[in-house]
Amino acid sequence: MNVKILENKKQERELSNADHRLIGQQLDLFSINEEVGIGLVLWHPKGTIVRKIIRDFWEEEHLKNGYQLVCTPHIARGELWKISGHLDYYKENMYVFEKDGEPYVVKPMNCPFHIQIYKSKPRSYKDLPIRYAEWGTVYRYERSGTLHGLLRVRGFTQDDAHIFCTAEQIDEEILKLLDFAEHMLQRFGFHEFNVYLSTRDPKQPEKYMGSEKDWKTAQRALAEALKNKGITYREMQGEAVFYGPKIDINIVDASGREWQCSTIQFDFNLPKRFNMTYTGPNGKEHEILMIHRALLGAIERFFAILVEHYEGNLPIWLAPTQVKILPISDNYISYAQRIHEKLQACGIRSEVDSSASTISYKIREAEVQKIPYMVICGEHEANLKKISIRRHGVGNLGLLSTKEFIKKIRNECGW
Ligand SMILES: [Zn+2]
């Protein structure tokens, strides 16, 4: 992992051109509407397709890495949040309502649900580790003054997972998590990271849940894993939350800005509150170890970071429209349509511009929409049974057969 500690590196680009709110509107990706409510995101078709691509990739990678996918409700009885402690300590951030004389909570977190799935049957040491992953949409009240585009919202989806394991399994789990986080972030084009280890303040042990032994084991496991991987990190003593130490992996974007994405967080609180155990080899019940982790963070925020990092020119595997087919005149619309169908059948996201505009106007439009490839169809191309290819921001690439073009895109996407 390439780690560089940056101290307020100067923003090298004019950020106004890369503002995700502006690009989001220009490319018709999402909107936020006062009638719906501030901080609540409407994902338009083009934004939704990018979201789906991220999610499909995320789910496939999780299945390959030994996670099980779960789905949990958006609301739950107040009782659940009473046990978890949220109703006592987090109430001002939650949306609470009443039905049949009973409080209900719109979930601010997914953890209690994953815990209940774990607890749905007795667990043996042989079943561990158990890793539950979910794109879980949560709602948290934030003051209106703090909201900002997709970066700070009231409803968002976490790429959440919880790992339940034994003390002997911690080291390996943390090592796997570091590799997994790096793999995921690199796929999206982030190669520079700042890593932080938040530990407890040894002078104030009363501030924290869990025994001194638990903390030592967990902090050692986190620090060892980082050293093992040769990752330079900064220890933030006293920065841990009351329930456990954590590692944060912040990405550095094209403008040198730092964003917290991945987090790996121990929890000595919830397993106690929910009485979570497993049966050990000696037949006795032991308390489980629980790790919360997100790799991308909130999807809304991650999407904004991606859009700003690439100034809207998403890599081809993420681009909502990969190819725009531009017939030179109405005579070539059916030829364009046939090419579109061939591309579509191969899973390539293409569109035909069948408007009456001139070809130069169509090219300009496709450039403004930041579509990676343009295909031009006219008499010359139809006669040769080929297509003319243009690359966004590059220009003309010459003639290819449809088959060659499909192969080129597939290679570029890494399919
Ligand atoms: Zn959690």
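Read the numbers this way: they start at 1 and go in the same order the structure lists the ligands and their atoms.
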Partners passing side chain to side chain contact (heavy atoms under 4.5 Å, CB included) against A336 (at least two apart in sequence or in another chain):
I325, P327, V352, C377
W81/Y90 aromatic ring centres below 6.0 Å
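Not under 6.0 Å, so no.
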Ring-ring centroid check F57 F188, cutoff 6.0 Å
yes
Report, one line per pair, each donor and acceptor closer than 3.5 Å where one atom sits in a side chain of residues 34-43; sequence neighbours left out.
none

Scan residues 118-128 for pairs that pass side-chain hydrogen bond (donor to acceptor under 3.5 Å, both in side chains), counting only residues two or more places apart or in two chains.
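For residues 118-128, and leaving out neighbouring residues, the side-chain hydrogen bond (donor to acceptor under 3.5 Å, both in side chains) pairs sorted by first residue read R123-Y132.
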Tell me, which protein N/O/S atoms are under 2.8 Å away from the Zn ion (ligand 1)?
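Atoms qualifying: C111 SG, H162 NE2, H292 ND1.
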Classify the ring geometry of Y67 against F180: parallel below 30°, tilted from 30° to 60°, perpendicular beyond 60°.
tilted
